[in-house]
Amino acid sequence: MRRMPRWSLLLLVVSVLAFAGAAWGLSALALTEPGEGSVVPGPEVTFKWALTPSEDVTAPGDVYYDLFIAKTLSGLTSPIASVSADTYTFEYPYAGPLDPSSTYFWKVVAHTPSGDVGATSFFMTEDEVGELALLNPTSGQTGVAPQDVEFR
């Protein structure tokens with residue numbers, strides 16, 4: 001059985017707390033794209049999120065958002081963008097570049113009149129596309145077991 005990574009468990013707990021906050025009359029923030037654990041082609045990505053406002057948010061302009069992206073959870077310290085919108089859903093195209101074969105964490109903090117609401121997620125980038133090359137066996141070598149064949 002495959003174990004859940006600790007950071008994935010932490011993100012699950014944070015998500016549950018966000019939904020519990022919505023039940024207590026607090027705004028809730030949902031990160032919709034890229035989805036948690038999804039693979040994006042890179043080198044760029046479009047981030048999408050939505051805010052379910054509470055009673056203190058009377059108009060979308062009452063809220064502004066900070067967007068963070070980093071390769072580690074601890075690296076989510078400086079926002080790459082601060083934005084506001086005239087709707088409760090937002091889309092932010094990030095030109096990157098994103099490194100191939102990498103995991104990235106992203107976080108959005110919504111600054112509302114009653115306080116900050118945040119959500120964190122992660123995604124991965126696809127492997128770099130290249131030519132397929134035979135590493136083993138070498139050219140002309142015979143008698144190689146199938147499990148010893150290596151490609152790059």
Side-chain angles (χ1 to χ4, degrees), residues 1-24 26-54 57 60 62-112 114-138 144-152:
M1 180 174 201
R2 194 170 163 204
R3 288 181 32 167
M4 180 182 282
R6 287 186 180 148
W7 48 263
S8 186
L9 183 60
L10 173 67
L11 292 174
L12 176 66
V13 169
V14 169
S15 298
V16 168
L17 291 175
F19 286 117
W24 291 321
L26 302 174
S27 295
L29 187 64
L31 306 181
T32 56
E33 195 175 306
E36 187 158 319
S38 65
V39 178
V40 300
E44 54 196 44
V45 65
T46 297
F47 295 104
K48 296 180 182 179
W49 62 88
L51 179 72
T52 304
S54 62
V57 180
D62 292 343
V63 182
Y64 73 95
Y65 305 93
D66 286 333
L67 171 63
F68 302 78
I69 182 172
K71 285 191 172 185
T72 63
L73 279 170
S74 61
L76 295 171
T77 56
S78 299
I80 62 164
S82 292
V83 294
S84 61
D86 55 358
T87 68
Y88 293 117
T89 59
F90 203 83
E91 207 172 289
Y92 184 83
Y94 176 66
L98 299 172
D99 296 331
S101 306
S102 297
T103 299
Y104 284 91
F105 295 90
W106 67 293
K107 174 173 81 171
V108 175
V109 176
H111 302 282
T112 70
S114 62
D116 295 345
V117 179
T120 306
S121 187
F122 74 99
F123 65 94
M124 295 164 281
T125 54
E126 287 182 347
D127 294 337
E128 201 166 15
V129 177
E131 286 188 32
L132 186 60
L134 180 64
L135 296 178
N136 190 34
T138 58
V144 178
Q147 63 268 21
D148 294 332
V149 175
E150 293 179 71
F151 290 97
R152 172 187 51 146

- Query: Given the rule in the side-chain contact (heavy atoms from CB on, under 4.5 Å) test, do Leu29 and Tyr65 qualify, once you have shown the distances and angles that lead to the verdict?
  - Reply: CA-CA 10 Å; Leu29 187 64; Tyr65 305 93; 4.2 Å; yes
- Report the residues that fulfil side-chain contact (heavy atoms from CB on, under 4.5 Å) with Glu91, sequence neighbours left out, ordered by chain and then residue number. Thr46, Lys48
- Query: Is it true that a side-chain atom of Thr125 and a backbone atom of Ser101 form a donor plus acceptor pair closer than 3.5 Å?
  - Reply: yes
- Task: Under the ring pair (Phe, Tyr, Trp, His ring centres under 6.0 Å) rule, collect the residues that match up with Phe90, sequence neighbours excluded.
- Result: Trp49
- Message: Quick one, Val108 and Leu31 - any side-chain contact, counting heavy atoms below 4.5 Å?
- Response: yes
- Message: Once side-chain hydrogen bond (donor to acceptor under 3.5 Å, both in side chains) is applied, do any residues pair with Thr89, and if so which ones, sequence neighbours excluded?
- Response: none
- Under the side-chain hydrogen bond (donor to acceptor under 3.5 Å, both in side chains) test, residues paired with Thr77 that sit two or more places apart: none
- Task: Tell me, please, which residues at least two apart from Asp99 pass salt bridge (Lys or Arg N to Asp or Glu O under 4.0 Å).
- Result: Lys71
- Query: Taking only residues two or more places apart in sequence, or in another chain, which ones meet Phe68 in a ring pair (Phe, Tyr, Trp, His ring centres under 6.0 Å)?
  - Reply: none
- Side chain proximity check, Ile69 to Phe123, heavy atoms < 4.5 angstrom: yes
- Note on the structure: For Pro34 and Val40 the tightest heavy-atom approach is CB-CG1, 3.8 Å
- If only atom types and distance count, is the side chain of Ser38 paired as donor or acceptor with the main-chain N or O of Glu36 below 3.5 Å? no
- Nearest heavy-atom pair of Asp116 and His111: which atoms, and what distance? OD1-ND1, 2.7 Å
- Item | Qualifying residues under side-chain hydrogen bond (donor to acceptor under 3.5 Å, both in side chains), relative to Ser78, sequence neighbours excluded | none
